[in-house]
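See below for the structure under consideration.
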2 protein chains.
Amino acid sequence: MNTREEVLDFVHHGAERFLPHLSIDCAIFGYHDHDLKTLLIRHHGQENWSLPGGYIGRHETLTEAAHRILAEKTQLTGLFLQQFYTFGDSATRMNRIKTEQTHNTTYSKVGVTLSPDHWLSERTLSIGYYALVDYLQVVVTPEFLVDDYCWLNVADIPRELVYDHNEIIQKALLTLRAHIFQQPIGYNLLPDKFTLPEIHSLYETILCKQIDRRNFRKKLLTLGLIRQLDEQRKIGPHRSPFLYEFDLDNYSRALEDGSILSF
Amino acid sequence: MNTREEVLDFVHHGAERFLPHLSIDCAIFGYHDHDLKTLLIRHHGQENWSLPGGYIGRHETLTEAAHRILAEKTQLTGLFLQQFYTFGDSATRMNRIKTEQTHNTTYSKVGVTLSPDHWLSERTLSIGYYALVDYLQVVVTPEFLVDDYCWLNVADIPRELVYDHNEIIQKALLTLRAHIFQQPIGYNLLPDKFTLPEIHSLYETILCKQIDRRNFRKKLLTLGLIRQLDEQRKIGPHRSPFLYEFDLDNYSRALEDGSILSF
DNA sequence: CCAAAAGTGTTCCCACTACACCCATGT
DNA sequence: ACATGGGTGTAGTGGGAACACTTTTGG
């Protein structure tokens, strides 16, 4: 929704195209150079940051909706995207705490006031997804109602996101840290060929702890999750690191066998 | 909904009390004596079995709704109940495959034909929960539209449940097996005091594999998850087994430390 | 030659595995 | 006495953790 007209059409006819009472919120994690960041946006007239989100089209599957929403925010397709929980408990989400006011501030940009029985004012449950991207590849193009966006280190996320978005992002992080042992998460955050220090630092960043380099390499190689290549990368005035690539076949086989990483 | 009147009221006025487009489905796992069973129901006029489910009241939280639905089916409260996934992809769930017919067969019991735009005919996403109960304690009281119910061993679940319920139950099982290593699942399926053979058999049943008795005991005691008591239980013409109880404090501490069971 | 980063091997120990015999109880 | 089920200990091993020096490279 990049123009006033699109927004107005959404407000007035969105209920015909989208399912009411349900939304999708995405915790988009971007990794780069020892930092794990999340994409936050701020809607027009709102003080607090939000997770990017959207609604589910009446004729698209849930998975399709999540990918579409992610693509609208990042312009990237085919990303790693994973559902992790559905939120329907918090007081803000129950409309027990009045949030129409802030909501209305946003839509006042297009000269609309939402009545309490407008579909956008109704109680909405949210299905949480998390995505992994290389945030240097992402070109964020804020939509019409979005005043601002930022990539924040997960440690620096403010305590006051809108609604229950703090809860959502905390659960996303926990899920990500649990999944890193069971999914080829690095595959989605690293280039096809990467160096050992790169993947090592990725794991250290996501898990917030130090991992012994030698043991790390040994384990990944022993399990056959990565393959060492003959090439090296030039990195300036230092020794050239070798390149590696993922062995996805082995990865999936290892997962089926129940082999599990741990550090 | 135990009378014709209640059902009629639900059909005609349910949309005022419940959120449309959303339901909850519960995989209710009952354990007893080496068997892991699931509660299935068959709605009036339907050939295939379903998971028990229900809708979310407009003024109750998601968690409250799940507990209420579970209590309606089992008459038990305070059970272990865990959300695990939200389903919105399958063709049946997209209304791409016509299921109104079967749906209508059910409601024909109260003389109602649902139009395609009736709220019960619309596309509905389902939030999956799984629960753990001792099925000997459960008194199933089928509702008005339920013709039949059964406890089936999870290995014997027919391949043709309604909608995507096979998918839901498979995911529930996978989640249960993953959670057994990280949650005091036995706590919800065993009496406060239990014998070692009891908890041992529970784990073997859920994980579908044999576990060495001695190693099993050693691990649970070493991690401090259970405490041996001074009491024994009389079990007829055999040696009296000792009783144990869970040490929930230690359990949560172990989880925070990241200690994890494995067998 | 120096600074910065990457490469690599060994030891130790704990935790998991495998395994079998004795004991208690009621009939 | 016996049938049934419960209780218990040890030895061996494999995988994880800890640990430091050498090599490469460009400036």
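Convention: sequence-line order gives letters A, B, ...; per-chain numbering from 1. For clarity, every value in this text was computed on a predicted model and none was experimentally measured.
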Integer-rounded Å distance: [N] [atom2] and [X] [atom1]:
X: B:R217; N: D:dG5; atom1: CZ; atom2: P; result: 20 Å
X: B:L223; N: C:dC14; atom1: CG; atom2: P; result: 16 Å
X: A:R233; N: C:dA6; atom1: CZ; atom2: P; result: 11 Å
X: A:I199; N: C:dA6; atom1: CD1; atom2: C1'; result: 16 Å
X: A:E231; N: C:dG7; atom1: CD; atom2: P; result: 14 Å
X: A:H200; N: C:dT8; atom1: NE2; atom2: P; result: 14 Å
X: A:L196; N: D:dT23; atom1: CG; atom2: P; result: 20 Å
X: B:F242; N: D:dT8; atom1: CZ; atom2: C1'; result: 11 Å

If the condition is side chain to side chain contact (heavy atoms under 4.5 Å, CB included), which residues does [X] pass it with, not counting sequence neighbours?
X: B:C150; answer: B:L40, B:W49, B:L152
X: A:T74; answer: A:I28, A:L70, A:L76, A:L79, A:V138
X: A:A66; answer: A:I24, A:L81, A:Y129
X: B:E167; answer: B:F87, B:S90, B:D164

Discussion item. Among residues at least two apart in sequence or on other chains, which ones pass salt bridge (Lys or Arg N to Asp or Glu O under 4.0 Å) with A:D134?
Written reply: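 Salt bridge (Lys or Arg N to Asp or Glu O under 4.0 Å) check on A:D134 returns nothing, list empty.
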Restricting to nitrogen or oxygen on both sides, can you table the protein-nucleotides 2-5 of chain C pairs closer than 3.5 Å?
from  : atom 1 : to     : atom 2 : distance (Å)
C:dA4 : N3     : A:H238 : ND1    : 3.2
C:dA5 : O4'    : A:H238 : ND1    : 3.4

Discussion item. Taking ring pair (Phe, Tyr, Trp, His ring centres under 6.0 Å) as the definition, give me every residue that meets it alongside B:Y251, ordered by chain and number, with sequence neighbours left out.
Written reply: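 B:Y251: no ring pair (Phe, Tyr, Trp, His ring centres under 6.0 Å) contacts found.
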Discussion item. Going by ring pair (Phe, Tyr, Trp, His ring centres under 6.0 Å), name the residues that satisfy it together with B:H67, two or more places apart in sequence or in a different chain.
Written reply: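 Once residues adjacent in sequence are excluded, B:H67 has no partner under the ring pair (Phe, Tyr, Trp, His ring centres under 6.0 Å) criterion.
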Discussion item. I'd like to check the side-chain hydrogen bond (donor to acceptor under 3.5 Å, both in side chains) partners of B:K37; sequence neighbours left out, ordered by chain and number.
Written reply: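 side-chain hydrogen bond (donor to acceptor under 3.5 Å, both in side chains) check on B:K37 returns B:N153.
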Let me check something: any side-chain donor-acceptor pairs from residues 239-248 of chain B under 3.5 Å, sequence neighbours excluded? List them with distances.
from   : atom 1 : to     : atom 2 : distance (Å)
B:Y244 : OH     : B:R217 : NE     : 3.0
B:E245 : OE2    : B:R227 : NE     : 3.2
B:E245 : OE2    : B:R227 : NH2    : 3.1
B:D247 : OD1    : B:D249 : N      : 3.3
B:D247 : OD1    : B:N250 : N      : 3.0
B:D247 : OD2    : B:R227 : NH1    : 3.0
B:D247 : OD2    : B:N250 : ND2    : 3.2

Practice prompt. Five pairs at each end of the helix from C:dC1-D:dG27 to C:dT27-D:dA1: take the axis at both ends and give me the angle between them to 10°.
Written response: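 Both end axes considered, the difference amounts to 0°.
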Item to complete: Quick one: pull up CD in B:E64 and CD1 in B:I69 and give me the separation to the nearest 0.5 Å.
Response: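 Reported to 0.5 Å precision, the distance equals 12.0 Å.
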Discussion item. What I want to check is whether an N or O donor and acceptor connect the side chain of B:K218 with the base of D:dT10 at under 3.5 Å.
Written reply: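 By the distance-only test, yes, there is a pair.
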Practice prompt. Would you please say whether a donor-acceptor pair under 3.5 Å links the side chains of A:H165 and A:S50?
Written response: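 On atom types as modelled, these side chains do not qualify, holding no pair under 3.5 Å.
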Item to complete: May I ask you to verify if any side-chain N or O of B:K219 is less than 4.0 angstrom from the OP1 or OP2 atom of C:dC16?
Response: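 Answer is yes, contact under 4.0 Å.
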Worksheet item: So which of residues 209-216 of chain B are in contact with DNA chain C, with a heavy-atom cut-off of under 4.0 Å?
Response: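 Within this stretch, B:D212, B:R213, B:R214, B:N215 sit under 4.0 Å of the strand.
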